[in-house]
There are 2 protein chains.
Amino acid sequence: MPIALSPLQSLKLWHDVHLDLVHQGGDLSSRQIAILLTIYLEPPPHTVRGLARKLNVTKPVVTRALDTIGKLGLVSRRRDEADRRNVVIQRTVAGALAVERLGDMIMARAKELPR
Amino acid sequence: MPIALSPLQSLKLWHDVHLDLVHQGGDLSSRQIAILLTIYLEPPPHTVRGLARKLNVTKPVVTRALDTIGKLGLVSRRRDEADRRNVVIQRTVAGALAVERLGDMIMARAKELPR
DNA sequence: ACTGTTCGTTTCGGAGCCGTAAGTATTCGG
DNA sequence: CCGAATACTTACGGCTCCGAAACGAACAGT
């Protein structure tokens, strides 16, 4: 059976998690979140143009987002030695941990929802 | 029974919805989302200081967020005639519609999750 | 080896949000 | 009434992000 979630429950979940995120500080934009989660949920390798295409944004947006979340230690970059024009985006321990924490937070909030 | 959502499912849901949000453009920050949903999900009346306290942010942040989402027509403000220092934040038709659309989007993505 | 293409980054001016502090209006207390 | 308290807004300087265009490096075809 599919995951059953009413519109109202959906909104409350969204609200509660965003409240948690605001409380704990350290904001990322929607784009940055989308990029981060794509890197950690979809199979590698990830490149700048691949992410740009998937999100339907320009490449500079991806470059800058990677600058930001890279500075936070959540991802790293490496030249592709096979084709040195490419940059391969790699996961990091800190990033995996942060993503895991987010998943736990959402799950916990989902568990608390009124039904 | 509670809403059952594994950490991985939670993350995929977060990812998918953020992808939708980025695609459709019109970004709001986490704070703005938290404020907007608080206004539409919790019982009125809502004031600047009430929202500031709940989100644990300063009042100017709330004022500016209201400026922004107000300019989008998603909320409106009115002086409280009983105590004219207060500003009461009111829901709008456009705002209710936008929130409803968000709820539907999240619900649809939840329904598609692998289980 | 030249020419054109691909890939990622950098640069530019502009717009938005932040935190702190000051400012305006209204109400409360003695 | 008049000073203190409350509620919200505005002002200021700083930081981040944006879109568009230009750029440098690496590759591909001929």
Side-chain angles (χ1 to χ4, degrees), chain A residues 18-19 21-39 44-91 98, chain B residues 18-19 21-39 44-91 98:
Chain A
H18 273 280
L19 224 54
L21 290 175
V22 170
H23 279 149
Q24 76 164 43
D27 250 352
L28 294 183
S29 72
S30 288
R31 285 173 169 187
Q32 290 165 347
I33 291 277
I35 289 175
L36 185 66
L37 290 183
T38 298
I39 293 168
H46 296 288
T47 64
V48 171
R49 79 184 171 293
L51 293 170
R53 177 126 47 102
K54 174 172 276 289
L55 301 185
N56 202 31
V57 296
T58 61
K59 284 184 296 181
V61 165
V62 176
T63 293
R64 287 185 296 240
L66 291 175
D67 287 346
T68 302
I69 62 184
K71 212 170 300 180
L72 298 174
L74 304 181
V75 300
S76 72
R77 281 186 270 200
R78 200 198 69 220
R79 277 280 159 200
D80 177 0
E81 291 304 330
D83 181 343
R84 292 185 47 76
R85 288 173 303 181
N86 291 338
V87 164
V88 179
I89 292 100
Q90 297 179 292
R91 301 171 183 170
Chain B
H18 273 280
L19 223 54
L21 290 176
V22 170
H23 278 150
Q24 77 164 42
D27 249 355
L28 293 183
S29 72
S30 289
R31 285 174 168 186
Q32 290 166 347
I33 291 277
I35 289 175
L36 184 66
L37 290 183
T38 298
I39 292 168
H46 296 288
T47 64
V48 172
R49 79 184 170 294
L51 292 170
R53 177 120 48 103
K54 172 171 276 291
L55 302 185
N56 202 30
V57 296
T58 61
K59 283 186 293 183
V61 165
V62 176
T63 293
R64 287 184 297 239
L66 291 175
D67 287 345
T68 301
I69 63 184
K71 211 169 299 180
L72 297 175
L74 305 180
V75 300
S76 73
R77 281 186 271 201
R78 201 197 68 219
R79 277 280 159 200
D80 177 0
E81 291 303 328
D83 181 345
R84 294 185 45 76
R85 289 173 303 182
N86 291 337
V87 165
V88 179
I89 292 100
Q90 297 179 292
R91 301 171 184 171

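Owing to the predicted nature of the structure, the values given are computational and were not obtained by experimental measurement. Values reported hereafter were calculated over all heavy atoms of this structure, with side chains retained and with hydrogens, waters and symmetry mates removed. Chain letters run A, B, ... following the sequence lines, proteins first, then strands; residues in each count from 1.
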[N] phosphate, OP1 or OP2: any side-chain N/O from [X] under 4.0 angstrom?
X: A/Arg77; N: C/dG8; value: no
X: A/Arg79; N: D/dA25; value: no
X: B/Thr58; N: C/dC18; value: no
X: A/Arg85; N: D/dA25; value: no
X: A/Gln32; N: D/dT16; value: no
X: B/Arg49; N: D/dC8; value: yes
X: B/Thr68; N: C/dC17; value: yes
X: A/Arg84; N: D/dA25; value: no

For residues B/Val57 and B/Val62, determine if any side-chain heavy atom of one lies less than 4.5 Å from a side-chain heavy atom of the other.
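SC-SC contact between B/Val57 and B/Val62 confirmed.
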For B/Arg53, I'd like to know if atom CZ has over 12 heavy atoms of other residues, nucleotides or ligands within 6.0 Å.
no
Report the distance from atom [atom1] of [X] to atom [atom2] of [N], rounded to the nearest whole Å.
X: A/Ile33; N: D/dC17; atom1: CD1; atom2: C1'; result: 16 Å
X: A/Lys71; N: D/dC15; atom1: NZ; atom2: P; result: 12 Å
X: B/Arg31; N: D/dT16; atom1: CZ; atom2: P; result: 15 Å
X: A/Arg78; N: C/dT9; atom1: CZ; atom2: C1'; result: 19 Å
X: A/Ile69; N: D/dC17; atom1: CD1; atom2: P; result: 10 Å
X: B/Lys59; N: D/dT6; atom1: NZ; atom2: P; result: 10 Å
X: B/Asp27; N: D/dT16; atom1: CG; atom2: C1'; result: 14 Å
X: B/Ile89; N: D/dT9; atom1: CD1; atom2: C1'; result: 13 Å

Base, sugar-phosphate, or nothing: which does B/Val62 touch, judged by heavy atoms less than 4.0 Å apart?
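It contacts nothing in the nucleic acid.
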Quick check on DNA chain C: between B/Ser29 and A/Asp83, whose nearest nucleotide comes earlier from the 5' end?
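Looking at DNA chain C, the more 5' nearest nucleotide goes with A/Asp83.
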Of A/Asn86 and A/Asp67, the one whose closest DNA chain C nucleotide lies more 5':
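Its nearest nucleotide lies further toward 5', so the answer is A/Asn86.
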Can you find a donor-acceptor N/O pair under 3.5 angstrom joining the side chain of B/Arg64 to the base of C/dG19?
yes
N/O donor-acceptor pair under 3.5 Å between [X] side chain and [Y] backbone:
X: B/Arg79; Y: B/Arg84; answer: yes
X: B/Arg91; Y: B/Ile39; answer: yes
X: A/His18; Y: B/Ser29; answer: no

Hey, what do you get for CD1 (B/Ile35) to NE2 (B/His46), rounding to the nearest 0.5 Å?
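Here the interatomic distance stands at 11.5 Å.
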Among the nucleotides C/dC18, D/dA7, C/dG8, which one has an atom lying closest to any side-chain atom of A/Thr47?
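The answer is C/dG8.
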Which one, D/dA25, C/dG8, D/dT10, comes nearest to the side chain of B/Thr63?
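Among D/dA25, C/dG8, D/dT10, the one nearest the side chain of B/Thr63 is D/dT10.
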